[in-house]
Amino acid sequence: MKIGVVGSINMDLVVQAPRIPHKGETLMGTRLDRNAGGKGANQAVAAARLGGEVVMFGAVGQDENGTKLLASMARDGVDTTFVKVLPEENTGIAMITVGDNDNTIIVVPGANNRVDRAYIDSVRSELLSCGMVILQHEIPQDTNEYVAALCAQHGIEVILNPAPARQVSSALVEQVTYLTPNEHEAALIFGEGAVEDAMRRYPGKLLVTCGEKGIALAQPTGEATQVPARTSKVVDTTGAGDTFNGAFAYARTQGMELLTALRFANIAAGLSTEKAGAQGGMPTREQVEADAHRAE
Ligand code: RIB
């Protein structure tokens, strides 16, 4: 089953520093890298590297960053045929500081803001040929709502990864198959102190990623469950959430049961943190399976 990712494509400008600077503080960095990123592209690469058939829907500028990012996704086996190249826009940029096992990110969306309804209409038949679609919050929310409604009409499963944090309408929550916020995003969407109730209201749909604590959810039976995270030697957490989402989509489209798919995605996300860059540590299926056997 084909996976479609409708989302952002960014060039990540990554500074390594001993720690994240405080407000108003200047620190000396140790290196600067230019890495392929963007939550959408990261999720697409994560699923493709595992062996999934993945189509990317998004936009880049007609510039050096756009050319490099398209080539890099294609090298990982992502179909980029339908990505729009815009002469009048810059490719999205993310300024990332990595320090002390954490990161901060500022995104300048550029061409990602042009992933709109007209574009979706132009790729409609290809999008509708996918069995699963992944969305995130680095393209306009109107587009996400449009795509989710279209997919719901055609029985296509949708994962909405609501990152970075912004409000999500209850209509959109109802329409998607899976919602994968972190704890902070979940509190913004459902209210502080109301996330556990929401998990019970959306069993098997609301999957809250809790970092080192793993994934919290209510099972379809109503039982509260925690799927533990993999213990990792963390080098860079950038893209770990994206790896989780891409790997979860891959696992579900391969027919894995919900909890098995979550365990698989947790291992993939854990492995991804052991190398630098959002996409640098994303594993193959063989690497995930070898790691799962080692842990048994
Ligand atoms: O989730 C990580 C991603 O967020 C980075 O690759 C960066 O591009 C930002 O979009």
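First listed ligand is number 1; within each ligand, the first listed atom is number 1. What's counted below: heavy atoms across the whole structure, side chains too, no hydrogens, waters or symmetry copies.
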For this session: Mind checking the CD-CG spacing from Gln175 to Asn144? Nearest 0.5 Å is all I need.
Result: 11.0 Å
For this session: Taking atom types as modelled, find out whether Asn42 and Gln279 have a side-chain donor-acceptor pair closer than 3.5 angstrom.
Result: yes
For this session: Give the numbers and elements of all ligand 1 atoms closer than 4.0 Å to a heavy atom of Glu138.
Result: 4 (O), 9 (C), 10 (O)
Exercise. Just by distance, with hydrogens left out, do Thr30 and Gln16 show a side-chain donor and acceptor under 3.5 Å apart?
Worked result: no
Problem set entry | Residue pair Ala111 / Leu86: nearest heavy atoms and the distance that separates them | CB-CD1, 4.1 Å
For this session: Output the list of atoms in ligand 1 that are nearer than 4.0 Å to some heavy atom of Ala94, sorted by atom number.
Result: 7 (C), 8 (O)
Exercise. Is a donor on one side and an acceptor on the other found under 3.5 Å between the side chain of Asn245 and the backbone of Gly241?
Worked result: yes
For this session: Please report which non-hydrogen protein atom sits nearest to atom 6 (O) of ligand 1, along with the residue it belongs to and the distance in Å to one decimal place.
Result: Asp12 OD2, 2.6 Å
For this session: Answer with yes or no whether the side chains of Asp116 and Tyr146 bring together a donor and an acceptor at under 3.5 Å.
Result: no
For this session: List the closest protein heavy-atom neighbour of atom 4 (O) of ligand 1: residue, atom name, distance to the nearest 0.1 Å.
Result: Lys39 NZ, 3.3 Å
Problem set entry | Side chain, backbone, both or neither: Asn42 near ligand 1, heavy atoms under 4.0 Å | side chain
Exercise. Are Thr238 and Asn103 close enough that a side-chain donor and a side-chain acceptor fall under 3.5 Å?
Worked result: yes
For this session: Would you please determine whether Gly38 falls within less than 4.0 Å of ligand 1 on a heavy-atom basis?
Result: yes
Exercise. Counting both backbone and side chain atoms, is some N or O of Ser8 under 3.5 Å from an N or O of ligand 1?
Worked result: no
Exercise. Does a side chain donor of either Thr177 or Lys205 reach within less than 3.5 Å of an acceptor in the other side chain?
Worked result: no
For this session: Considering the heavy atoms of Ala278, write down every atom of ligand 1 situated less than 4.0 Å from one of them.
Result: 6 (O)
Problem set entry | Best match, Ile96, Ile106, Asp242: closest heavy atom to atom 1 (O) of ligand 1 | Asp242
Exercise. Mind checking whether Thr238 has an N or O less than 3.5 Å away from an N or O of ligand 1?
Worked result: no
For this session: Please confirm whether Gly37 comes within less than 3.5 Å of ligand 1 when only nitrogen or oxygen atoms on both sides are compared.
Result: no
